[in-house]
Amino acid sequence: MRNLRKFAFLGVLALVPLAGCRQDMHDQPRFKPLAESDFYPDMRSARQPVEGTVARGQLHEDTYFYTGLVNGKPGDYMPFPVTKDVLERGRQRFDIYCTPCHSRMGDGNGVVVQRGFQRPPSYHTDRLRNAPLGYFFDVMTAGFGAMPSYAEQVPARDRWAIVAYIRALQLSQNATSADVPPGQKVPSPAPEFRGDPGSGATLPQLQPVQNESGGEAK
Amino acid sequence: MQIFHRATNTIAKATIFGSIFLLAFILWACIQFQRSPYVTYAHVARPQPVPFSHEHHVGAIGLDCRYCHTSVEKSSFAGIPPTQTCMNCHSQIWLGAPMLEPVRASYRSGKSLVWNRVNDLPDFVYFNHSIHINKGIGCNTCHGPVDRMPLMYNEASLQMEWCLDCHRDPAKYIRPRSQVFNMRYEPPSGSKPMELDGKLYTDQLVLGKDLVKQYNLRTVADITSCSTCHR
C-alpha cells in the first residue's frame, strides 16, 4: 500500500513536464510579414500609411527620377551616370521583369505572348528607337495600354537601369560591321552549355571552352 | 522445490534483454517519428485557394522567382505576390477559367487572396532570406526542385539539425551568386567542369572553399552560435 502511493506520486510528478508542451513560443502574439489579422476589417496586418502622411525616404521630391517626365513631357537624359554595372543590372532586371512578354531580344515575341497575350511592339522600330529615355521610364511607371505598371515590382533606380539597357539593346540590334572591334571574328563560335540551358529566367551556364590541343583556353 | 521448469530461465533472460531492446526501439521510433513527414509536413502539399503551379509558371513559362517574390534579395521575407501580379498576365490569359475565379474576385473586390503557409518556422527562430541569397545559397538547396512542383510543398524538415548541417559546413552547398536562381544548377564534377574567374573547378568542395573565402563568410563558430537564430 505504501509503495503504491509512492508510485502514484511519482507518476503524477512525471506528468508535470507535459505542462511545457504548449505552442505559445511557436505562435507568438506578433505578425510575420503579410500575416492575416482579425483586428482590421480588411484582414491585413500590413497597413497603408495614414492618409496625408509620408514615410521617411518616400517623399519623392526628385520628380524626374520618379516619373521620367519634365513638365509633363518625357525627358531625354539619365538621372545618374551609366556605367557597366548599371547596364549589367539593367540586363538582369530586364530579363526578370520584361522578357516574359518582350523577349530577350526586345522583339515582342516573349513566351507569354506565344500563350495568347497581346503582342507588344518590337523595340527595334524607328518610332521607339527615337523615343526619348524618359518615355520608356514612363511606360514602366504608369503602364501603357495593355501593359501593366511595373512601379510596384521594380524600384525606380532599377527602372532607370532597364531604360539604359533597352537603349543598348536597340543599338546592338542596329549595329553594322563597322561597329565590330578589329580582330573580333563574326560570327563568333556557338557557345556550349553545361547540362540544361538553365531554367527560370536565369542565364545558362557556359561550358568551359576546350581548345584544339585538349587543354583549356583562357 | 522447483515450480518453474529450467527452460524458463532462458525466457526470463530473454524478457530482460528483450525489454531493453524494446525500449531502445521505442526511443528510436519516437525519434524517427519526430523527423517524419507526419510531424514536419515535408513533401506534403497544402490546399491553396488557387491551385497555383510553379511547374507551369517557372518550368514551362520560365519566370524568374523575383518576378513574384520581389523582396527575396533585400529582406528577411521573400514576399508573396499581390493579386495585381497575377493580373499582369491573367487579365488576358485563361480569362474564363473557373480555376482563376478567386484571383479575379480578389482583384475586383480588393480583398487579399489567403494563401496557406507552406514553410513555417516557429516564431522563436529568426530566419533571413537576403543573407542566404547574397552569400550564394540557391533557392532549390532549401526549397527543392520548385520548377517541378505542380503544388508547393516543403522539401526540408526545417528542423534545427537541418539548418545546422549547412551552417557547420556551408562549402558543401554554396554556389556562384549568378546561379542562385537557377533551379537546374549542377555542382561541378569531373564530367561537367565549371569555369569561374578563369579557374576550372571539377569538385564542389574545392569550389565551395574558394567561394566561402570570396564571399567573406563568417566563421562556423559564429553562425552556429545559438543567438544567430534564437535572438
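Computed over heavy atoms, backbone and side chain alike; hydrogens, waters and symmetry mates excluded.
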Q: So which part of A:E36 gets closer than 4.5 Å to some heavy atom of chain B, the side chain, the backbone, both or neither?
A: side chain
Q: Chain A heavy atoms under 4.5 Å from B:F77: which part of the residue, side chain, backbone, both or neither?
A: side chain
Q: Taking side chain as everything from C-beta outward and backbone as N, CA, C, O, which of these in B:S71 sits under 4.5 Å from a heavy atom of chain A? Side chain, backbone, both or neither.
A: neither
Q: Is it the side chain or the backbone of A:Q114 that comes within 4.5 Å of chain B heavy atoms, both, or neither?
A: neither
Q: For the residue pair A:Y66 and A:W160, is the inter-centroid distance of their aromatic rings smaller than 6.0 Å?
A: no
Q: What I want to check is whether the side chains of B:S112 and A:R44 have a donor and an acceptor closer together than 3.5 Å.
A: yes
Q: Look at atom CG of A:D38 and say whether more than 12 heavy atoms of other residues, nucleotides or ligands are closer to it than 6.0 Å.
A: no
Q: Between B:P176, B:A60, B:C89, who has the most heavy-atom pairs with chain A when the cutoff is under 4.5 Å?
A: B:C89
Q: For B:Y215 and B:R177, indicate whether the former's side chain and the latter's backbone hold a donor-acceptor pair under 3.5 Å.
A: yes
Q: Check whether B:M87 gets within reach of chain A through its side chain, its backbone, both or neither, counting any heavy atom under 4.5 Å.
A: neither
Q: Kindly assign one of parallel, tilted or perpendicular to the pair B:W115 and B:F52, based on the angle between their ring planes and the thresholds 30° and 60°.
A: perpendicular
Q: For the residue pair A:Y135 and A:F144, does the interplanar ring angle fall in the parallel (under 30°), tilted (30 to 60°) or perpendicular (over 60°) class?
A: perpendicular
Q: Pick one of side chain, backbone, both or neither for B:V114, based on which atoms fall under 4.5 Å of a heavy atom in chain A.
A: side chain
